[in-house]
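One structure is given here, and the rest of the page talks about it.
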Amino acid sequence: MARDRFWDPEIETIPRKQLHSLQLDRLRWQVDRCYRESPFYRERFDRAGVRPSHLQTLEDLRHFPIVTKEDLRREQEAHPPFGRYVVAPRGTWQELHPSTGTTGRPVNTIWSREDARVIADHTARTMWSFGTRPHDIVQNAFSYGLWVAGMAVHYACALIGCFVIPIGAGTTQRQIDYFLSPGSTVLLATPSFALHIAEALRERGIHPEEIPLRIGCFGGEPGAEVPETRRRIEEGLGIDCYDYYGLGEIVPTFASECTEKNGLHWAEDHYLIEVVHPETHEPLPPGEVGILVMTHLTREATPMIRYLTNDYGRVDLEPCKCGRTHGRIVGGILGRADDLVIYRGAKFYPVQVEGVVRRMPELSDEFRIELSRDERGMDRVTIVVECTRVLEEAEQQRLVERLRGAFKEALQVTPEVRIVPFGTLERTVFKARRLVDLRQQER
């Protein structure tokens with residue numbers, strides 16, 4: 001019975017005291033090998049005045065230095081191509097997976113053969129938690145190749161025993177064709193691509209009830225846990241929608257919602273998560289919002305010790321109603337420090353704009369936030385949205401005022417609003433680019 005509910009019942013329901021003991025053993029092993037085998041980590045630990053022997057409890061990790069993506073970029077530039085934090089011997093390496101490069105130069109990450117096995121197993125654990133089973137036909141619309149999510153899901157499908165369609169982020173019409181035949185039952189993609197597929201499904205005149213799709217899990221960007229976005233995906237595709245989380249430097253698919261839809265369970269036996277203050281980097285208690293910092297407990301090839309993700313979230317360590325004892329990132333990823341918009345003293349993230357736009361039935365799923373300057377040289381924020389039908393001038397002005405009022409309530413500031421015809425904004429099969437800074441072009 002437990003195997004029906006859990007991929008790995010023993011580890012997923014482990015008492016937290018035992019889990020902490022396991023984490024500490026693995027953390028000590030990881031920090032010790034990084035100090036011995038990696039000049040990158042040894043130099044950083046020495047500068048901070050810490051040694052592996054200082055790690056007596058999990059809380060002692062706070063004294064070890066934070067690692068940022070820019071630290072990794074500089075290290076790989078100084079010691080190409082992989083830097084000096086590759087710990088596993090070269091003969092154990094299996095795959096190279098760089099980051100997507102959406103925030104700068106890609107950072108190379110290596111998986112050893114054991115890393116690939118572990119990643120496949122805990123990805124299967126996440127897929128099992130939101131309802132994937134051996135009889136399913138899984139349509140894997142995550143990108144394949146160097147971007148890691150597609151490969152991790154593909155390996156996990158083989159472990160579960162699913163029939164997988166490795167379509168990747170291919171053409172939208174072909175995605176729909178496979179819904180019809182052979183009849184995919186599980187879809188994995190970015191939320192933006194899921195909305196685009198749902199839009200194309202409507203345009204082809206196909207009702208969601210005509211396809212066997214029943215589950216979708218969506219990652220690569222925030223959105224699936226935004227209530228309005230989740231509703232649009234579920235209604236547009238006729239499925240249960242779940243959130244997925246990961247990042248290239250850590251792993252693409254290590255946290256997902258279970259069928260309770262009450263936060264992202266992450267594999268605490270392989271990954272240690274701290275929540276820190278965005279300025280001081282001091283650890284925050286469970287329940288408080290801060291930046292997620294992650295440490296590999298079992299990664300062989302390119303382990304990260306206290307990697308600053310720039311993703312905002314809050315964690316809950318109480319057991320879930322599903323029976324799993326591992327922690328959850330509640331409410332999904334709340335925003336990225338890179339995407340923070342500061343306008344007239346207010347601070348907000350694209351995910352907050354998303355919640356307003358997708359509440360409005362007159363609007364399409366697409367939007368864009370433009371940063372520019374007015375004639376006085378002052379910052380200006382304009383939110384560009386699409387209307388699904390042509391409006392009379394008076395009706396359009398009423399919609400603009402409704403949007404401005406809704407944005408003021410949600411963002412604590414009133415941006416400019418521009419409505420454009422349906423189909424104007426770019427659709428994407430990858431991560432949507434919501435924030436466009438035009439200020440450099442205006443100089």
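Bear in mind the structure is a predicted one, so any value in this text is a computation, not a measurement. Residue numbers count from 1 along this sequence.
- For residues 150-179, every residue pair satisfying the salt bridge (Lys or Arg N to Asp or Glu O under 4.0 Å) rule, not counting sequence neighbours, is listed here: D177-R204.
- In this structure, F422 places its CZ atom where more than 12 heavy-atom neighbours from other residues, nucleotides or ligands lie under 6.0 Å away.
- Remark: the S364 side chain and the E199 side chain contain no N/O donor-acceptor pair separated by less than 3.5 Å.
- Residues satisfying the side-chain hydrogen bond (donor to acceptor under 3.5 Å, both in side chains) test with H122, not counting sequence neighbours, are Y271.
- Side-chain contact check for L284 versus V276: every heavy-atom pair is 4.5 Å or farther apart.
- Remark: T109 engages W111, R299, T302 in a side-chain contact (heavy atoms from CB on, under 4.5 Å) (not counting sequence neighbours).
- Screening residues 161-173 for salt bridge (Lys or Arg N to Asp or Glu O under 4.0 Å), with sequence neighbours left out, gives no hits.
- E210 is linked by a salt bridge (charged side-chain N to carboxylate O under 4.0 Å, His left out) to nothing, counting only residues two or more places apart in sequence or in another chain.
- Under the side-chain hydrogen bond (donor to acceptor under 3.5 Å, both in side chains) criterion, R74 pairs with D71, sequence neighbours left out.
- Heavy-atom minimum distance, Y307 versus T68: CE1-C, 3.9 Å.
- No hydrogens or angles considered: nothing links the side chains of D8 and W128 as a donor-acceptor pair under 3.5 Å.
- Qualifying salt bridge (charged side-chain N to carboxylate O under 4.0 Å, His left out) partners for R314, counting only residues two or more places apart in sequence or in other chains: none.
- Every residue two or more places apart in sequence or in another chain that forms a side-chain hydrogen bond (donor to acceptor under 3.5 Å, both in side chains) with Y245 is listed here: D311.
- Among the candidates R389, R398, R402, the single residue satisfying the salt bridge (charged side-chain N to carboxylate O under 4.0 Å, His left out) test with E362 is R402.
- Listed by chain and residue number, E370 satisfy the salt bridge (charged side-chain N to carboxylate O under 4.0 Å, His left out) test with R418 (two or more places apart in sequence, or in another chain).
- Remark: the H277 side chain and the E279 side chain contain no N/O donor-acceptor pair separated by less than 3.5 Å.
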List, one per line, each side-chain donor-acceptor pair under 3.5 Å for residues 134-141, sequence neighbours excluded.
residue	atom	partner	partner atom	Å
D136	OD1	T185	OG1	2.6
D136	OD1	R214	NE	3.2
D136	OD1	R214	NH2	3.1
D136	OD2	R133	N	2.8
D136	OD2	R214	NH2	2.6
Q139	OE1	S184	OG	2.6
Q139	NE2	Q175	O	3.0
Q139	NE2	Q175	OE1	2.7
N140	OD1	F142	N	3.3
N140	ND2	Y144	OH	2.9
N140	ND2	G150	O	2.9

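- Residues meeting the side-chain contact (heavy atoms from CB on, under 4.5 Å) test with P350, sequence neighbours left out: D339, I369, R434.
- Legend: side chain to side chain donor-acceptor pair (under 3.5 Å) pairs involving residues 322-331, not counting sequence neighbours, sorted by first then second residue: E12-R324, D316-R328.
- Counting only N and O atoms by type, the side chains of Q397 and E401 include a donor and acceptor under 3.5 Å apart.
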